[in-house]
Amino acid sequence: MKYIDPHIHMISRTTDDYQRMAYAQCAAISEPAFWAGFDRGTAAGFHDYFRQLTEYEPRRAALFHIKHYCWLCINAKEAENVSLSREVIAMIPEFLSKPNVLGIGEIGLNKNTANEATIFQEHLDLAAKTNELILIHTPHLEDKYKGTRMIVDMLKNDPRVKPHRVCIDHVEEHTVKLALDGGFWCGMTLYPTTKCTPSRACDIIEMVGTDRIMANSAGDWGKSDPLAVPELIQEMKRRGHSEADIKKVVFDNPLTFWRQANNWKEWPPEPSLNGAVPQPVKAGY
Amino acid sequence: MNPLPAPRALEQFFLEARCKLLDLAGILDRVGRGADLDSLTADARTEKIHKALGILMSAAPNKAELIQKLFSLAYDPEWKRPSPRF
């Protein structure tokens, strides 16, 4: 089954991972801007990073026929440095018209500090001004519930925010309804120890249904699995869920969310088994 | 989305549950074998583990959600929000 991984940090993965993802029928990925494992000291460092996300990485993915999209921001961890964050946010518009940019992300909170909230709001200001989609990182472990509540407070406090253009990521059992009940999209991250397992993600889907929900690996430089989404597919098959339900979560939903992006171009239709070329699907927005 | 019938779910996940219970038992034994065990009685994490075990023994239909909340920091609805600009 073809799938999309809507959150994976390929700059920290090897080319072998692209090859294995292609073998597993990964059709497309999106790569949010994130923390590099150390705090960068200058806006110029982010400028180079954004060039990597918008110029180099799409070419590396294309070698394996995987479509590469990305999101731009300064992440919540480095947002603690407010002056650097403002320099980076001022630079983002230069990249927003690059063809693989889907929007602003992954913005959010890390330790739920006042500085992080200030920079989150300033990213929302930019997204409102440029009408971009928004991808949101929610904190880990004991900070997640409080941070997700704070993020939803800020989104609801901003009348410019359109919930159907926002995806709240890393939801788990105690936060998934905060996202869905607010009208937002949500993502479950399949990541060892600190986030969700494929089995628990399948439990969550059984409890909340398949609308406005997707799954990702968040594969990065930590111990993580770039094939976590195919593992969820296997888990859902093992429990007898229909192909249509599985495809909705791992392919249709992320694609529907992405199709709202300002730079979106429809994918060329693929020949069907009988050789007929289907008509392109028109974006619904 | 229909979950598996309960007997099939038990059949399918029994060994996994057994494995994870043994892992947890191993962790608790490991902690118990160490020196200074008495110092953990005042450790809030010890109390949380005990409360989580109580949730597992309950009939609540949302045990995972309850355990997530048990291990979460408190939320203050009156926190000072930044305001949108422009």
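Worth knowing before you read on, the calculation uses all heavy atoms, side chains too, and leaves out hydrogens, waters and symmetry mates. Protein chains get the first letters and strands the later ones, always in sequence-line order, with residue 1 at the start of each.
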Tell me, side chain or backbone of B:D76 under 4.5 Å from chain A's heavy atoms, or both, or neither? neither
Would A:R86 and A:E122 count as a salt bridge (Lys or Arg N to Asp or Glu O under 4.0 Å) if you check the C-alpha gap in whole Å, the side-chain angles of each, and the deciding distance to 0.1 Å? CA-CA 8 Å; A:R86 287 179 172 151; A:E122 292 186 18; 2.6 Å; yes
A:K77 vs A:D39, salt bridge (Lys or Arg N to Asp or Glu O under 4.0 Å): CA-CA, chis, key distance, verdict: CA-CA 8 Å; A:K77 197 169 169 67; A:D39 290 349; 5.8 Å; no
Using heavy-atom distances under 4.5 Å, tell me whether B:A9 contacts chain A through its side chain, its backbone, both, or neither. neither
Just give me the residue among A:K129, A:K146, A:Q121 that pairs up with chain B most often, heavy atom to heavy atom, under 4.5 Å. A:Q121
Using a 4.5 angstrom heavy-atom cutoff, name the option from A:E172, A:M154, A:H174 with the most pairs to chain B. A:H174
Of the listed residues (A:R149, A:R160, A:R200, A:E206), which shares the most heavy-atom pairs with chain B below a 4.5 Å separation? A:R149
Which bit of B:R85 comes within less than 4.5 Å of chain A, counting heavy atoms only: side chain, backbone, both or neither? both
Bottom line for A:T175: the part with an atom under 4.5 Å from chain B's heavy atoms is neither
Are A:E235 and A:R238 close enough for a salt bridge, meaning some N to O gap below 4.0 Å? yes
If one checks every heavy atom of A:D245 against chain B at 4.5 Å, the contacting part turns out to be side chain
Identify which part of A:M207 has an atom lying under 4.5 Å from any heavy atom of chain B, answering side chain, backbone, both or neither. neither
Taking side chain as everything from C-beta outward and backbone as N, CA, C, O, which of these in A:I205 sits under 4.5 Å from a heavy atom of chain B? Side chain, backbone, both or neither. both
Check: A:H7/A:D169 side-chain N/O donor and acceptor closer than 3.5 Å: yes
Test item: A:I74 and A:H123 side chains (from C-beta on) under 4.5 Å apart, heavy atoms: yes
Identified side-chain contact (heavy atoms from CB on, under 4.5 Å) partner of A:Y3 from the options A:I233, A:L232, A:I246: A:I233
Just by distance, do the side chain of A:N253 and the backbone of A:M214 share a donor-acceptor pair under 3.5 Å? no
